[in-house]
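Here is the structure we will look at.
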Amino acid sequence: VQLQASGGGLVQSGGSLRLSCVASGRTFSNYGMGWFRQAPGKEREFVAGVSTAGLTDYADILKGRFTISRDNAKKTVYLQMNSLENEDTAVYYCAGRGASDAYLAVSKAVSAYDYWGQGTQVTVSS
C-alpha cells in the first residue's frame, strides 16, 4: 500500500490542523493505521493509531487534543490536532500495518508498521 500524507503547515500556538493520509493499492480496510512524528534531533514517536475495527489509542501526553479517525470508503486516515503547542512541531508520518492482530490492537511501535508515507511538516509558532 502507498500512503500520501498532507495537511501540514504553519499554525500559531493554540490553533488547529487536520492531517490526511490517502492510501492506494491494497485494501485499506485491512490495515491498522497510525500517525507518528519526528522532531529535529529526536526519535520518531507514536502519536495515535486506529485498528481495522475502529479502536483508537493515543500517546498519553496527547490525549484530549488529538483525534484520529478513518474513512475506509475514501481510503483515508485523519489526524485532527487541536490546541497545538510549540512542542508539537515535527514532521508527521502516517503508517500502515497489515498484522493479524490489527483488528483490535493498536501498536505504538515504529517497527510494527510496514508502510510509511512521506511525511508532512507541522510548525507551531508562538
Side-chain angles (χ1 to χ4, degrees):
V1 62
Q2 292 79 43
L3 303 174
Q4 181 73 36
S6 62
L10 176 64
V11 62
Q12 288 190 331
S13 180
S16 298
L17 279 176
R18 189 176 80 155
L19 306 183
S20 300
C21 176
V22 180
S24 61
R26 299 182 179 179
T27 307
F28 175 75
S29 59
N30 290 343
Y31 288 81
M33 301 299 297
W35 284 98
F36 291 75
R37 68 185 184 184
Q38 188 166 17
K42 295 187 177 181
E43 293 186 352
R44 192 168 297 188
E45 64 176 359
F46 174 80
V47 173
V50 57
S51 76
T52 59
L55 301 179
T56 60
D57 199 1
Y58 298 89
D60 289 341
I61 60 172
L62 299 175
K63 286 181 179 177
R65 294 196 297 124
F66 289 14
T67 303
I68 189 171
S69 60
R70 65 188 300 160
D71 185 334
N72 289 337
K74 295 182 178 179
K75 297 185 178 181
T76 302
V77 61
Y78 303 98
L79 184 68
Q80 178 68 43
M81 305 185 295
N82 298 328
S83 302
L84 283 163
E85 304 169 354
N86 291 350
E87 292 73 22
D88 296 319
T89 294
V91 177
Y92 283 72
Y93 298 90
C94 62
R97 59 191 293 261
S100 58
D101 67 344
Y103 181 71
L104 289 176
V106 174
S107 177
K108 297 183 178 181
V110 171
S111 60
Y113 290 80
D114 307 303
Y115 305 97
W116 292 84
Q118 85 288 1
T120 184
Q121 176 70 48
V122 172
T123 303
V124 184
S125 64
S126 300

Quiz item: To the nearest 0.5 Å, how far apart are CG in L62 and OG in S83?
Solution: 11.5 Å
Quiz prompt | Point-to-point distance, once rounded to the nearest 0.5 Å, from OG of S69 to CE of M33 | solution = 11.5 Å
Exercise. Consider only side-chain heavy atoms of I, L, V, M, F, W and Y, link residues closer than 4.5 Å, and tell whether L17 and V50 are in one cluster.
Key: yes
Quiz item: OG1/T76 to CG/L3 distance, rounded to the nearest 0.5 angstrom?
Solution: 10.5 Å
Quiz item: Under the criterion ring-ring contact (aromatic ring centres under 6.0 Å, His included), which of Y92, W116, Y93 is the partner of F36?
Solution: W116
Self-check item: The single option from Y78, Y115, W35 passing side chain to side chain contact (heavy atoms under 4.5 Å, CB included) against C94
Solution: W35
Quiz item: Does the side chain to side chain contact (heavy atoms under 4.5 Å, CB included) test come out yes or no for F66 and L19, once each step is laid out?
Solution: CA-CA 11 Å; F66 289 14; L19 306 183; over 6 Å; no
Quiz item: Can you hop from F28 to I68 via hydrophobic side chains spaced under 4.5 Å?
Solution: yes
Quiz prompt | CG on L104 to OG1 on T52, rounded to 0.5 Å | solution = 7.0 Å
Quiz item: Going only through I, L, V, M, F, W and Y residues with side-chain contacts under 4.5 Å, is there a path from L55 to V77?
Solution: no
Quiz item: For D60 and K108, which heavy atoms make the closest approach, and how far apart are they?
Solution: OD1-NZ, 4.4 Å
Quiz item: OG of S13 to CD of E85: how many Å apart, nearest 0.5 Å?
Solution: 7.0 Å
Quiz item: Between M81 and V122, is a side chain to side chain contact (heavy atoms under 4.5 Å, CB included) present by the stated rule, with each step listed?
Solution: CA-CA 10 Å; M81 305 185 295; V122 172; 3.9 Å; yes
Quiz item: If you group Ile, Leu, Val, Met, Phe, Trp and Tyr by side-chain heavy-atom gaps below 4.5 Å, do V106 and V1 land in one group?
Solution: no
Self-check item: Verdict with supporting geometry, Q80 and S16, side chain to side chain contact (heavy atoms under 4.5 Å, CB included)
Solution: CA-CA 7 Å; Q80 178 68 43; S16 298; 3.9 Å; yes
Quiz item: Would you say the side-chain atoms of Q118 pair up with the backbone N or O of Q4, donor to acceptor, closer than 3.5 Å?
Solution: no
Quiz item: Is V110 reachable from Y113 through a run of I, L, V, M, F, W or Y residues, each pair having side-chain heavy atoms under 4.5 Å apart?
Solution: yes
Practice problem: Please say whether the positively charged group of R65, taken as NZ for Lys or CZ for Arg, lies over the ring of Y58, i.e. under 6.0 angstrom from the six-membered ring centre and within 45 degrees of the axis. | Solution: no
Quiz item: How far apart are the C-alpha atoms of Q121 and L10, what are their side-chain angles, what is the distance that settles it, and do they pass the side chain to side chain contact (heavy atoms under 4.5 Å, CB included) test?
Solution: CA-CA 8 Å; Q121 176 70 48; L10 176 64; over 6 Å; no
Quiz item: Rounded to the nearest 0.5 Å, how far does CZ of R70 lie from OG of S51?
Solution: 7.5 Å
